[in-house]
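Computed from a predicted model, the values in this text were never measured in an experiment. Note that these values count all heavy atoms, side chains included, but never hydrogens, waters or copies made by symmetry.
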Amino acid sequence: VTALNNAVQYHSVPALATLARFMRLRRFFQSGLLSKTLLFLAILLSGLVSLFLVPANFSIRARGTLQPVTQCRIFSPEDGVVDDVQVRHAQRVTPNQLLVRLKKPELELKLAEVAGDLQTAQQQLQAARVKRLQTGKRGSSAGEETNQLVAEIESHAKRVDNLIELQSLLIERSQALTIQSPIAGQVLTWDLAARLANRPVTRGAELLTVAKVDGPWQLVLELDDRDI
């Protein structure tokens with residue numbers, strides 16, 4: 001009981017508690033733990049700094065090809081069949097020179113159908129206009145018939161405009177089947193006749209590549225994702 005009372009009295013004195021903490025701190029300095037701790041932190045800090053400041057050699061093996069910087073990959077604008085191949089590998093070409101011609105029978109049939117519908121609609125429009133002029137000569141007695149003819153003329157005229165627009169779109173698609181070179185250069189694709197002649201192709205399929213071989217070149221490397 002006496003020892004317990006002494007301990008309670010010891011801890012209840014503020015000065016003695018402060019003195020005890022001071023003595024523990026003094027033993028820490030005297031034991032050399034501080035210098036060891038600072039040394040460890042210094043080594044750790046220097047290692048982290050070296051990761052960012054000290055250069056290191058890093059090498060990767062990769063295959064590469066030397067290629068012209070300016071290249072144009074030619075793609076099929078439509079589903080169709082290759083009807084004619086006009087160039088061969090390593091051939092020099094000029095801008096707008098014919099490279100490949102495709103054919104699409106469905107597009108040709110649609111063009112013919114629209115052309116026939118347009119001719120019929122134009123004839124109907126012309127006939128309605130002539131009839132309108134003849135009816136107008138009768139004066140006010142043909143008022144109701146005149147109104148009907150005006151509405152008929154507007155209907156025929158609208159149909160003619162729609163068919164002309166559709167025909168223009170189809171002609172544009174048909175013209176795109178004649179594929180021309182966009183630049184002056186050289187054909188890089190091998191065995192074009194064997195690869196393309198009379199072959200069906202889908203829209204977006206790559207047909208050939210034309211490049212400016214007289215311009216700058218670049219080294220293109222093939223890297224595995226695991227090496228990056």
Side-chain angles (χ1 to χ4, degrees), residues 67-136 145-213 215:
Q67 300 179 4
V69 173
T70 303
Q71 298 188 45
C72 290
R73 300 166 65 190
I74 311 299
F75 300 92
S76 173
E78 295 272 353
D79 295 343
V81 177
V82 178
D83 186 46
D84 187 19
V85 180
Q86 288 283 319
V87 292
R88 62 185 184 278
H89 171 69
Q91 179 178 334
R92 294 275 184 165
V93 295
T94 57
N96 301 319
Q97 179 176 337
L98 176 62
L99 302 176
V100 177
R101 183 181 289 110
L102 306 179
K103 63 180 179 181
K104 186 172 185 177
E106 299 90 341
L107 184 58
E108 297 172 2
L109 289 175
K110 187 64 176 177
L111 264 171
E113 178 184 344
V114 171
D117 291 344
L118 177 59
Q119 183 177 6
T120 300
Q122 289 173 333
Q123 291 173 350
Q124 291 173 340
L125 176 60
Q126 183 62 27
R129 285 173 174 171
V130 171
K131 191 173 181 180
R132 167 71 178 83
L133 291 175
Q134 294 174 349
T135 304
E145 184 178 359
T146 300
N147 293 335
Q148 293 177 351
L149 287 172
V150 169
E152 185 177 340
I153 290 172
E154 291 179 354
S155 177
H156 288 317
K158 185 176 181 180
R159 176 165 172 74
V160 167
D161 291 340
N162 291 338
L163 288 171
I164 289 176
E165 183 178 358
L166 178 58
Q167 186 182 53
S168 298
L169 293 175
L170 293 174
I171 291 175
E172 184 177 345
R173 289 176 58 189
S174 179
Q175 291 174 343
L177 297 178
T178 301
I179 301 172
Q180 301 172 330
S181 176
I183 61 172
Q186 183 174 329
V187 178
L188 298 185
T189 309
W190 291 82
D191 300 327
L192 277 172
R195 290 180 61 252
L196 297 179
N198 301 316
R199 298 291 183 89
V201 293
T202 57
R203 181 177 182 179
E206 185 172 351
L207 302 177
L208 70 156
T209 300
V210 178
K212 286 187 176 181
V213 295

side-chain contact (heavy atoms from CB on, under 4.5 Å) between Asp83 and Leu102, worked out = CA-CA 5 Å; Asp83 186 46; Leu102 306 179; 6.0 Å; no
key: Worked verdict on Asn198 versus Val82 for side-chain contact (heavy atoms from CB on, under 4.5 Å)   = CA-CA 5 Å; Asn198 301 316; Val82 178; over 6 Å; no
message = Evaluate Val160 against Leu118 for side-chain contact (heavy atoms from CB on, under 4.5 Å), listing each step before the verdict.
response = CA-CA 6 Å; Val160 167; Leu118 177 59; 4.0 Å; yes
Criterion side-chain contact (heavy atoms from CB on, under 4.5 Å) on Leu170 and Val114, from CA distance to verdict = CA-CA 9 Å; Leu170 293 174; Val114 171; 3.7 Å; yes
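The OG1 atom of Thr189 lies 6.5 Å from the CD atom of Glu206; values are rounded to the nearest 0.5 Å. Taking NZ of Lys131 as the reference point, atom CD of Gln134 lies at 9.0 Å (rounded to 0.5 Å). For the atom pair Ser155 OG and Gln124 CD, the distance stands at 9.0 Å (nearest 0.5 Å). A distance of 8.0 Å separates CZ of Arg195 from CG of Leu207, quoted to the nearest 0.5 Å. Rounded to the nearest 0.5 Å, atoms CG (Asp161) and CG (Leu125) are 9.0 Å apart. Rounding to the nearest 0.5 Å places CG of Leu98 at 4.5 Å from CD of Gln86.
The shortest distance between side-chain heavy atoms of Arg73 and Thr209 falls below 4.5 Å. Contact check for Val187 versus Arg88: no side-chain heavy atoms found under the 4.5 Å cut-off. Ile74 places none of its side-chain heavy atoms less than 4.5 Å from the side chain of Ser181. Using a 4.5 Å heavy-atom threshold, the side chains of Val210 and Leu188 count as separate. Taking the side chain as every heavy atom from C-beta outward, Arg92 and Val213 approach each other to under 4.5 Å. Here the side chains of Asp84 and Val100 are not in contact, with every heavy-atom distance at 4.5 Å or above. When side chains are defined from C-beta on, Leu111 does not count as touching Arg173, because their heavy atoms never get closer than 4.5 Å. Side-chain atoms of Leu177 and Lys103, non-hydrogen and from C-beta on, never get closer than 4.5 Å to each other.
Shortest non-hydrogen contact noted between Leu99 and Leu208 is CD1-CD1, 4.2 Å. Contact detail for Pro77 and Ala176: the closest heavy-atom pair is CG-O, 3.3 Å. Listed here is the closest heavy atom pair of Gln71 and Ala211: CG-CB, 3.8 Å. Contact between Ala128 and Glu152 at its shortest, heavy atoms only, is CB-OE2, 4.2 Å.
His156 places no side-chain N or O within donor-acceptor distance of the main-chain N or O of Gln122, the cut-off being under 3.5 Å. With hydrogens and angles ignored, the 3.5 Å screen pairs a side-chain donor or acceptor of Ser168 with a backbone N or O of Ile164. Between the side chain of Arg199 and the backbone N or O of Ala193 there is no donor-acceptor pair closer than 3.5 Å.
Applying the side chain to side chain donor-acceptor pair (under 3.5 Å) rule to Thr94 yields the partners Gln97; only residues at least two apart in sequence or on another chain are considered. The side chain to side chain donor-acceptor pair (under 3.5 Å) search around Glu108 returns none, not counting sequence neighbours.
Residue Lys104 places its NZ atom among more than 12 non-hydrogen atoms of other residues, nucleotides or ligands, all under 6.0 Å distant.
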